[in-house]
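To start, the structure under review is shown below, and the notes come after it.
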Number of protein chains: 2
Amino acid sequence: MAALKSSKSGKRERLVEAALELAYRDGFQAASIADIAKEADVPVGNVYYYFKTRDQIGDAVIDARMAQFESLRGRLEKLATPKERLVAFIDMTVGNQETVAARGCPFGSLAAEFLKLGGHLAGKARPMLADPLEWMEAQFRQMGVGDAAFACAVHLEAGLRGVSLLTQCTGDPKLMEIEAAQLRAWLDTL
Amino acid sequence: MAALKSSKSGKRERLVEAALELAYRDGFQAASIADIAKEADVPVGNVYYYFKTRDQIGDAVIDARMAQFESLRGRLEKLATPKERLVAFIDMTVGNQETVAARGCPFGSLAAEFLKLGGHLAGKARPMLADPLEWMEAQFRQMGVGDAAFACAVHLEAGLRGVSLLTQCTGDPKLMEIEAAQLRAWLDTL
DNA sequence: GTCTATACGGCGATAGAC
DNA sequence: GTCTATCGCCGTATAGAC
């Protein structure tokens with residue numbers, strides 16, 4: 001599929017990476033085309049060769065984030081038990097604590113912004129949190145909690161996304177550890 | 001303090017209310033001065049008589065939200081026990097489920113946007129989530145959980161803010177009830 | 001105090017040379 | 001494919017009539 005675009009210069013990839021970086025740091029709306037082009041070291045006017053409209057950059061940003069979750073999911077699937085996979089998800093989130101304190105949840109903060117933006121991008125942003133929720137539900141189901149699987153998934157993801165927001169708001173990375181410890185303990189009671 | 005401004009027309013109040021409404025619905029950045037003025041039924045140019053800069057409208061928006069929390073806190077203080085107060089806080093959040101599904105958490109979504117906006121407004125937005133956290137910690141301390149009070153506060157607020165984000169993302173108000181039930185049950189174990 | 005008109009800048013997007 | 005130059009619009013903010 002990469003072969004459909006003949007360019008080997010990797011400019012499109014650099015633009016997407018730059019846009020994701022800036023959208024995560026300052027918000028997608030705050031990042032102008034010029035900002036993104038500068039960050040990617042690509043001449044401004046050239047951007048419109050790769051993207052017909054600014055919204056399409058937003059599409060690519062969401063796709064890039066979703067690809068990161070897919071990659072993570074792939075790695076987690078190699079673990080033996082569903083509980084190990086859920087704990088690894090928690091650990092991985094906590095491992096990001098410094099970045100979360102500075103910029104917020106990589107998925108939640110982007111999703112929140114796109115949701116408020118409305119239009120086409122709002123719908124496209126939904127899977128950023130909904131797909132992890134479904135994945136967690138599947139893990140809990142495999143753990144044998146039965147009908148409680150969905151509620152458990154809601155509890156786990158809510159705790160993680162919520163504490164990420166609190167961490168960003170207070171600027172204190174320790175909050176991530178505090179909540180993670182409680183969530184792990186709760187997992188052990190199931 | 002209201003007497004410092006002689007105007008009785010209430011235009012400033014209408015502007016702030018309109019700005020809060022639009023900031024909550026579409027995001028503060030998306031709401032232009034013209035949009036706010038139109039929503040408040042105030043001529044555009046007149047806005048700059050009440051606010052020297054756009055940022056000052058942001059200040060007023062944050063103040064208005066904070067005042068809502070102060071009002072809620074005042075009502076909750078009338079309840080007899082700390083656990084009743086915490087449960088009432090949960091109930092009140094769930095009672096907002098339809099609005100949360102459509103627009104997100106009234107405090108969290110605003111705080112998240114202002115935090116990414118950076119500058120002066122980012123710092124001013126922090127108490128929107130930090131003050132409730134402190135209040136919750138005080139309640140837990142009164143419940144006699146000792147050193148766990150802070151961790152409990154983190155767990156409760158993270159759960160509520162997190163499920164609000166999930167609710168907005170999925171569009172399903174039921175998630176609020178599901179998580180609230182789990183948080184109430186957890187409260188009962190303390 | 002209230003409002004109109006407008007200055008000014010930055011943005012997304014386009015045209016077209018190379 | 002790559003890049004420069006520029007258009008047109010809409011945003012904040014101001015000047016000044018009433």
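In what follows, chains carry the letters A, B, and so on, assigned in the order in which the sequence lines appear, proteins first and then strands, with residues in each chain numbered from 1.
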Think A:R73 forms a cation-pi with A:F89, using NZ or CZ under 6.0 Å from the six-ring centre and within 45 degrees of its axis?
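Output no; distance or angle outside limits.
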
Judged by modelled atom types alone, do B:E157 and B:W135 share a side-chain donor-acceptor pair under 3.5 Å?
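No, no side-chain donor-acceptor pair sits under 3.5 Å.
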
Regarding A:E84 and A:T81, do their side chains bring together a donor and an acceptor under 3.5 Å, going by distance alone?
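Indeed, the side chains of A:E84 and A:T81 share at least one donor-acceptor pair under 3.5 Å.
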
A:R54 side chain, from C-beta outward: closest of D:dA13, C:dC3, C:dG12
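Of all the options, the side chain of A:R54 is nearest to C:dG12.
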
Using the side-chain heavy atoms of B:Y48, tell me which of these nucleotides is nearest: D:dC3, C:dC3, D:dT12.
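Nearest listed nucleotide: D:dT12.
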
Can you measure B:K38 atom NZ to D:dG11 atom C1' for me and round it to whole angstrom units?
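Result: 16 Å.
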
Please report the distance, rounded to the nearest Å, between CG in B:N46 and P in D:dT12.
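Taking CG of B:N46 and P of D:dT12, I get 16 Å after rounding.
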
Side chain to side chain, B:C152 and B:M136, heavy atoms closer than 4.5 Å:
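Contact flag for B:C152/B:M136 side chains = no.
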
Give me the residues of residues 29-37 of chain B where at least one heavy atom lies under 4.0 Å from an atom of DNA chain D, by number, or none.
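Contacting residues: B:S32, B:I33.
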
May I ask you to verify if any side-chain N or O of [X] is less than 4.0 angstrom from the OP1 or OP2 atom of [N]?
X: A:Y49; N: D:dT2; answer: no
X: B:Y50; N: C:dT2; answer: yes
X: B:T53; N: D:dA13; answer: yes

What is the ring orientation for B:F107 with B:F69, classed by angle as parallel under 30°, tilted 30 to 60°, or perpendicular over 60°?
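Perpendicular: the ring planes of B:F107 and B:F69 meet at over 60°.
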
Presence of salt bridge, A:K83 and A:D188, under 4.0 angstrom
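Result for this pair is yes, salt bridge flagged.
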
